[in-house]
There are 2 protein chains.
Amino acid sequence: MAEYEVRFDSHPEPIRVPAGTLLVEVAKQAGIEIQQPCGGQGRCGRCAVKVESGQVRRRSVLRLSKSDIDAGYALACQTVIEGDASITVPPPEAIQRRLTTDHIAPEAAIPEGYDASSAQSIRRVEIRLTPPSMDDQTDDWGRLCAAFRRETGVERLNASLDQIRQLGAILRSSDWHVALTFDASPKGEARLIRVQPADEAADAPLYGLAIDIGTTTVTVWIVDLLTGQVIRQSGEYNQQIARGEDVISRIIYAGKGDGAAELREMVLGSINGQIQTACERTKIATDDIVKATITGNSTMMVLLLGIPAESIRLEPFIAPINHVPRLSAIEVGIAMNSAGVVDPLPGVASYVGADITAGVLSSELRSSDDLTLFIDVGTNGEIVLGSSEWLVTCACSAGPAFEGAGVVHGMRADAGAIEEVWIDGGTYEPDCRVIGNVPPRGICGSGLISLVAEMFLTGLLDKGGNINETLDTPRVRQGHNGPEYVVAWAAESEGEEDIVIARVDIDNLLRAKAAIYAGFNVLADSVGVPLETAERVLIGGSFGKYINVEKAVQIGLLPDMPWERFNFLGNTSVKGAYLALIDSAARDEIAEIASAMTYIELSADNTFYEAFTSALFLPHTDLSRFPSVEAAMA
Amino acid sequence: MAEYEVRFDSHPEPIRVPAGTLLVEVAKQAGIEIQQPCGGQGRCGRCAVKVESGQVRRRSVLRLSKSDIDAGYALACQTVIEGDASITVPPPEAIQRRLTTDHIAPEAAIPEGYDASSAQSIRRVEIRLTPPSMDDQTDDWGRLCAAFRRETGVERLNASLDQIRQLGAILRSSDWHVALTFDASPKGEARLIRVQPADEAADAPLYGLAIDIGTTTVTVWIVDLLTGQVIRQSGEYNQQIARGEDVISRIIYAGKGDGAAELREMVLGSINGQIQTACERTKIATDDIVKATITGNSTMMVLLLGIPAESIRLEPFIAPINHVPRLSAIEVGIAMNSAGVVDPLPGVASYVGADITAGVLSSELRSSDDLTLFIDVGTNGEIVLGSSEWLVTCACSAGPAFEGAGVVHGMRADAGAIEEVWIDGGTYEPDCRVIGNVPPRGICGSGLISLVAEMFLTGLLDKGGNINETLDTPRVRQGHNGPEYVVAWAAESEGEEDIVIARVDIDNLLRAKAAIYAGFNVLADSVGVPLETAERVLIGGSFGKYINVEKAVQIGLLPDMPWERFNFLGNTSVKGAYLALIDSAARDEIAEIASAMTYIELSADNTFYEAFTSALFLPHTDLSRFPSVEAAMA
C-alpha cells in the first residue's frame with residue numbers, strides 16, 4: 001500500500017503513513033491531540049483541521065459548510081490521507097468560535113450565475129434631465145417622472161410627500177443630473193427610495209439587510225446589493241428576553257400597559273444596535289442601506305411591527321397578518337435609509353412564521369422529490385414534511401426547554417454551559433464538556449439532551465423518566481424538587497450550589513421532546529407515509545447547530561434513521577431572508593411556499609394527543625421504532 | 001292691456017298695474033323703495049326680491065344663481081309682471097349677506113342624473129366574515145382581503161401599517177361583521193380608509209370636503225358623499241395674509257427660517273378652523289369625513305404640502321409639482337379621518353394652478369365650440385382662452401391691486417369698504433356705496449375700478465391716468481404722494497384721515513389692468529383670433545362676483561363686448577373641487593384639462609410688452625377697441 005508524507009504546522013518532522021489513514025491517527029503519531037468530543041463520529045465538528053495542500057478524502061462533511069470546505073477544512077475523524085498533505089491544526093478557541101458564532105466570514109454562498117443588477121429588486125438609474133427654461137416650464141416632479149418612464153419603461157413612480165419636498169433642491173444642486181434608487185416591485189411600479197446627484201451616486205454602494213428575529217437571538221446580515229455578497233454577519237440576544245423567554249410570555253407582556261411599545265423598542269434595539277456597530281466597523285453609511293428583508297416567527301414579526309399579538313395566544317390561535325405589505329424603514333423603525341424598503345417575509349400561521357417559509361426555501365427542501373423532514377427547533381419547534389410537490393407543517397409547543405428554560409439549572413448556550421455529558425456506566429460519574437472551557441454554570445439544550453440520553457442508557461433513568469434512587473452513588477439524592485442527579489458539585493462549578501437535574505426538569509424535557517416527535521408523526525400520518533421513510537432530515541435553527549444526533553435519537557426526540565440523512569443547516573431563516581433580499585425569484589418562491597403549505601393545528605388534531613402520550617417515554621412506547629437505541633440498550 | 005294685482009309683504013293693499021310693469025315700478029307705487037345701486041342695469045344684484053307666488057318674467061338673471069331662482073328670487077329692476085303676484089322684499093342686510101358670503105344654502109347644484117354610489121370614488125362595503133376556528137386559521141388580514149376581493153372584485157387592497165394594527169380588535173368586537181370604507185382609485189386598487197363594525201356603519205354618513213385655498217380666502221364646502229349634496233359652505237381669510245398679501249411675499253417668507261412651517265400651520269388653521277366650526281354646528285364627526293379635494297394656485301398648494309416654493313418665484317418660474325399623488329389626511333394635516341384621502345387637484349404651471357383647471361371644468365368652458373374667455377381675477381389674474389377643442393392659458397402678474405393691496409387706502413371687500421362710486425360730472429363730488437352701510441374705512445377692488453372709471457369719464461383723469469389739477473374742486477389736491485383725489489373726508493369716514501386716491505395708486509391700478517388686458521391679447525394673438533370675437537366671457541373668483549362690467553370695460557380691464565356675453569360664476573375653483581369630489585369623471589377631466597392646456601409664460605413672450613404698454617392708457621391706446629367707452633366720452 002502507498003505511503004504518504006503528512007506535515008503539521010506545529011510539528012517539525014513529516015509523518016509517513018499508509019494511504020487511507022485517518023487524520024486523527026496521523027496527528028496522534030505526531031504527538032498532536034485533536035479533540036473528539038463526539039467520539040469520532042463526525043457529528044460535533046470540533047476536530048476540524050485545515051488541509052493547506054495535498055490530497056485527502058472527506059468521508060463526511062456533516063459539520064462543515066461549503067465555504068469551510070472551500071477554505072480547506074476537514075473533520076480529522078472523518079478524513080483519510082490519499083496523498084502527501086500539509087495540515088494546520090487550529091487552536092481550540094478558533095474552532096469554538098467558528099462553530100458557535102457568525103462572524104465576518106459569510107456562510108451563505110452567492111447563487112451560481114447570480115446577476116445582482118437583474119436578480120434583486122433594487123435599481124439605480126442615472127438620469128440627465130433637460131433643465132427647465134422659459135420655453136419648457138414642466139414642473140420638477142413631472143419632469144422627473146417623464147424622464148424616469150423614458151429611461152426605465154416603468155409607468156408608475158411612487159414617492160412619499162417627503163421625497164417630493166426634497167426634490168427641487170436636489171435637482172438644482174445636481175445641475176439636473178441625478179441618480180434615482182428605487183424598488184422595482186410590484187411589476188410596472190417603482191417605489192422611489194432616493195434621489196441623489198449623479199456624481200455622488202456614481203461609485204456609491206447599495207446595501208441591504210437580511211434580518212432574522214428569533215425569540216432568543218436576532219441575526220443581522222449586511223449585504224452588498226451590487227454583488228450579492230454578505231459583508232458582515234452578527235447575532236445578538238433579543239433584548240425582549242428580559243421580558244419573557246418564550247413567545248407566550250412576550251404576548252402577555254405586550255398586552256399590558258405600554259408593554260407592546262416597550263417590546264418593540266427592545267427588538268429594534270437589538271436590530272439597530274447591530275446595524276450601527278456593523279456600519280461603524282465597515283464604514284457603511286446607514287443611508288446607503290436601502291432594503292431589508294425580515295424573517296421571524298409570527299409573534300416576533302407582529303411585535304416588531306406594533307401589531308397586537310393577543311390573538312396568537314388565544315384559541316383559535318389566529319395570526320394578525322401573514323402577508324405584510326412592503327413597508328418603509330421609517331414606518332418600521334429600522335436604522336437604515338428612512339425611505340428604504342422593508343419587506344417582512346410571509347408566514348403561514350400563528351405558530352409557523354416567515355422563519356419557516358424562509359427556512360424551507362434556503363434548506364432547498366423543495367429541490368427534491370424525496371420525502372423530506374425539515375425541523376427548526378429554536379425557542380419553538382416547527383416542523384415541515386414534504387417534497388417538491390407538497391408541504392405540510394405544524395408547530396409543537398415544545399417551549400424553550402431546549403434553550404435551557406423551564407429547567408432549574410438550564411441556561412442558554414453561553415460560556416459556562418455544559419453542552420455535552422458522558423456518564424460512566426459503572427460509577428455514574430459524569431464527564432462534562434463546558435462551553436469556553438470554564439467552570440460550569442448550568443446546562444444548555446444540547447447538554448440536557450446528552451445528559452438525559454446518558455442517564456437513560458446507564459440506568460439512572462427508567463423508560464418513564466424516573467430517577468433510579470436505588471443506585472449506589474452520592475449523585476442521586478432527594479432534592480427540593482424530589483429526586484435529582486448532581487451533574488456538577490458546587491466545588492467544581494462557578495456558582496455556590498450543585499448543578500442538578502431533577503425529576504421535574506426531566507418531565508419538562510420529556511414533554512418537549514414528545515411534542516416534537518408527536519408532531520413528526522401527525523404530519524406523516526396526515527399524508528399517510530411512515531415517518532422513517534423520509535430520505536432527508538434538514539435541521540435548522542440554533543438548536544440544530546450543536547445537537548448530537550445520536551443522543552437526540554436516544555431520547556426519542558429525532559426519529560431513528562441512518563445518520564447520513566441528517567443535515568445541519570444552521571440558521572436557515574436568515575439564509576432565506578438573504579436569498580429573498582438578493583433574488584426576487586426567491587422572494588416570490590417564499591410567498592409560494594407560504595401559500596402552498598398546509599398547516600395542521602396540533603391542538604385541534606385528534607391523533608396528536610395519542611402520539612404525544614406514546615412519545616412521553618424514553619425513547620418511545622414503541623421501542624421497535626428506535627432499533628439503534630434498542631441495540632445500544634441490549 | 002291686462003292688469004294684474006301685486007301684493008307686497010310689507011304693504012297692506014294690493015297694487016294694480018298693467019302687464020309688463022317692472023317690479024321696481026310696482027314697488028315704487030306701493031311706496032317701497034328698492035335699492036338700485038347699479039342704476040337698474042341688473043348688474044349689482046342688490047334689488048333682488050322674492051316672488052312668493054304668481055307669474056313674472058325675468059329679463060336678466062345675471063346676478064342670480066340657479067338655486068336663487070329656484071327659491072323664487074328675481075331682480076326687481078329686470079323683472080316684469082305677467083300675472084297676479086305676491087312679493088317679499090328682503091331687508092337690505094339679508095341681500096347683503098346673500099351676495100357677499102357663502103352660507104348654508106349651497107350654490108352648487110348636483111349634476112342631473114347623479115348617482116353618488118357609482119360616480120364618486122369612495123365606497124363602503126359590508127362584509128360578513130366567516131369567523132376563524134381551529135379548522136380555518138387564516139390570518140385576520142388575509143381573511144379580510146380575500147372577502148374584500150370576493151365582494152368587490154378589486155384585486156389589491158392597500159392599507160397603512162396603522163390600519164393593520166387596529167384590525168384584529170375591530171374584527172373581534174364586531175363579531176366578524178364589518179363595513180369597509182375605501183377609495184376605489186386608481187382602477188383595480190383600493191385604498192382602505194376605515195374598518196368599522198357593520199352595525200355602526202349601517203346608517204352612518206360619509207362626508208367629503210371641497211377646499212379652495214385662495215391667496216386671500218380659504219373656502220371649505222362639506223359635502224354628503226351619499227347624495228352629493230353640499231351640507232355647508234364657508235369662507236375665511238387665509239391666515240397667511242398676516243405674512244404677505246401676495247404669493248411672492250409668501251414665497252419669500254417661506255424661504256426664511258421656519259417660515260414655511262409657519263405658513264403651513266396658518267393655512268391649516270384656516271382650513272381646520274372652518275371644518276371644526278362646521279362639524280360642531282352640523283353635528284358631523286370629523287372621522288366621518290373621508291375625502292377631500294383641494295384646489296388653489298400652485299403656490300398655495302405647495303405651501304400647504306410643505307414643498308419648497310422658491311422655484312416658482314425665480315426665473316424660469318418652475319412649479320415643484322403639478323400632479324400631486326393622492327395623499328392621506330394625516331400627511332397633509334387636514335382635520336378629518338386621518339386615513340382619509342386628500343386629492344390635491346392638478347395644476348398647469350407655477351402661475352396657473354389647480355384653481356384654474358378646476359375653474360375651467362366648473363365654468364363649463366369646454367361644453368361649447370364657441371370661443372370662450374375665462375378669467376379668474378383674485379389675488380392673481382389667470383386667463384384661459386379656448387373651447388371644447390383647445391385651451392391656452394397665461395397668468396398676469398396683476399398683483400393684488402384688485403383686492404385692495406398696493407393702494408394706500410385700498411382694503412379688502414369687508415365692512416367699511418367703498419365698493420362703488422358715482423361722481424357728479426359738474427361738481428366732482430362723489431357718491432359712495434359702502435359695504436355694511438357704515439362710515440367708510442377704505443376702498444376695495446370693485447370700488448377702485450368704479451372710482452377710476454368715474455374719474456376718467458368726468459375728466460378728473462386723462463387717458464394717461466394723470467389727475468387734472470386745474471379743476472375747481474377741493475377734492476383734487478397735492479398730497480404726500482403727489483396729486484390726489486379725496487374720495488371721503490375724514491369727518492365722514494371711520495378713520496382720522498381723508499380717504500384719497502393718489503397718482504401712484506392709479507399707476508398701480510393701470511399696470512394691473514394693463515397686465516390682464518395684455519394677457520387677453522397675447523392669448524388671442526397666440527391662436528390668431530381677435531379677442532372681441534369671444535362668444536362668452538366667464539368670470540370666476542371673488543373679484544368677478546362684485547365687479548361692475550361697465551366700469552371694468554371703461555377702464556379697459558375687460559374687453560368691450562355686449563354685456564350678455566359676460567357670465568359671473570363666483571368661486572369656480574371650489575365648484576370644480578366639489579365636482580371632482582363627487583364625480584370621478586369630473587376629476588379625470590380636470591387632469592385632462594391640465595394636460596391639454598398650453599401655457600404661455602408672458603415674461604418670455606415678445607408680444608406681451610407691447611400689448612401691456614398699449615393697455616397702460618384709459619381705456620387703451622387704440623380707442624376703437626372700446627366703442628362703448630368712445631360713445632360714453634362723446
Side-chain angles (χ1 to χ4, degrees), chain A residues 131-145 156-162 164-169 171-172 186 260 298 302 305-312 314-325 327-328 331-332 346-351 599-601 603-605, chain B residues 131-145 156-162 164-169 171-172 186 260 298 302 305-311 314-325 327-328 331-332 346-352 599-601 603-605:
Chain A
S133 67
M134 297 300 282
D135 297 324
D136 173 7
Q137 298 217 319
T138 309
D139 59 301
D140 293 351
W141 174 246
R143 185 176 301 273
L144 187 72
C145 287
R156 180 163 149 191
L157 178 61
N158 297 314
S160 71
L161 184 51
D162 219 51
I164 293 170
R165 286 173 182 151
Q166 293 164 23
L167 184 64
L171 291 180
R172 285 170 182 79
S298 302
V302 298
L305 301 177
I307 299 171
E310 201 66 13
S311 62
I312 294 178
L314 303 174
E315 206 179 310
F317 316 120
I318 302 303
I321 182 165
N322 285 330
H323 293 257
V324 182
L327 300 167
S328 66
E331 286 176 287
V332 184
V348 176
S350 49
Y351 292 102
Y599 174 68
I600 296 177
E601 171 57 46
S603 60
D605 192 282
Chain B
S133 66
M134 297 300 281
D135 297 324
D136 173 8
Q137 297 217 320
T138 308
D139 59 301
D140 293 351
W141 174 246
R143 185 176 301 272
L144 187 73
C145 287
R156 180 164 150 191
L157 178 62
N158 296 314
S160 71
L161 184 51
D162 219 52
I164 293 170
R165 286 173 182 151
Q166 294 164 23
L167 184 63
L171 291 180
R172 285 171 181 78
S298 302
V302 298
L305 300 177
I307 300 171
E310 202 67 13
S311 63
L314 303 173
E315 206 179 308
F317 316 119
I318 303 302
I321 182 164
N322 284 330
H323 293 257
V324 182
L327 299 166
S328 66
E331 287 175 286
V332 183
V348 176
S350 49
Y351 292 103
V352 175
Y599 174 69
I600 297 177
E601 170 58 46
S603 61
D605 192 282

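Order of the sequence lines fixes the chain letters, A, B, ..., with proteins taken first and strands second; residue numbering starts at 1 for each chain.
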Top of B/Glu315, B/Arg165, B/Glu601 for chain A proximity - count of heavy-atom pairs under 4.5 angstrom: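 Heavy-atom pairs under 4.5 Å are most numerous for B/Arg165.
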
So which of B/Asp605, B/Asn322, B/Ile600 has the biggest tally of heavy-atom pairs under 4.5 Å with chain A?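 Most pairs with chain A among the choices: B/Asn322.
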
If we define contacts as heavy-atom pairs under 4.5 Å, which of [options] has the most with chain B?
options: A/Ala604, A/Gly168, A/Pro320; answer: A/Pro320
options: A/Glu331, A/Glu310, A/Arg143, A/Gln166; answer: A/Glu331
options: A/Val332, A/Val348, A/Ile318; answer: A/Ile318

Atom [atom1] in [X], atom [atom2] in [Y]: separation rounded to 0.5 Å?
X: A/Trp141; Y: B/His323; atom1: CH2; atom2: NE2; answer: 12.5 Å
X: A/Asp140; Y: A/Ile164; atom1: CG; atom2: CD1; answer: 11.0 Å
X: A/Met134; Y: B/Ser603; atom1: CE; atom2: OG; answer: 3.0 Å

Interchain contact, B/Asp162 with chain A, by part (heavy-atom threshold 4.5 Å):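 Nothing of B/Asp162, per the 4.5 Å heavy-atom cut-off to chain A.
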
Could you look at B/Thr138 and say if it's the side chain, the backbone, both or neither that has a heavy atom under 4.5 Å from chain A?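 Contact with chain A involves the backbone of B/Thr138 alone.
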
Looking only at heavy atoms, what is the nearest atom pair of A/Ser133 and B/Pro316, with distance?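 A/Ser133 and B/Pro316 have their closest heavy atoms at C-CB, 3.5 Å.
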
Quick check: closest heavy atoms across A/Ser298 and A/Ala349, and the distance to 0.1 Å?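 Shortest heavy-atom contact: OG-O, 2.7 Å.
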
Go through it in stages, so that I can follow the logic: the residues are A/Leu161 and B/Ile307, the test is side-chain contact (heavy atoms from CB on, under 4.5 Å), and I'd like the CA-CA distance, side-chain angles, deciding distance and then a yes or no. CA-CA 8 Å; A/Leu161 184 51; B/Ile307 300 171; 4.2 Å; yes

[X] versus chain B, the contacting section by heavy-atom distance below 4.5 Å:
X: A/Pro186; result: side chain
X: A/Tyr599; result: side chain
X: A/Leu167; result: neither
X: A/Ser160; result: neither
X: A/Pro325; result: side chain

How far apart are the C-alpha atoms of A/Leu305 and A/Ile321, what are their side-chain angles, what is the distance that settles it, and do they pass the side-chain contact (heavy atoms from CB on, under 4.5 Å) test? CA-CA 11 Å; A/Leu305 301 177; A/Ile321 182 165; 5.5 Å; no

Side-chain touch B/Arg172/A/Ser311, heavy atoms, less than 4.5 angstrom: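 Yes, their side chains come closer than 4.5 Å.
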
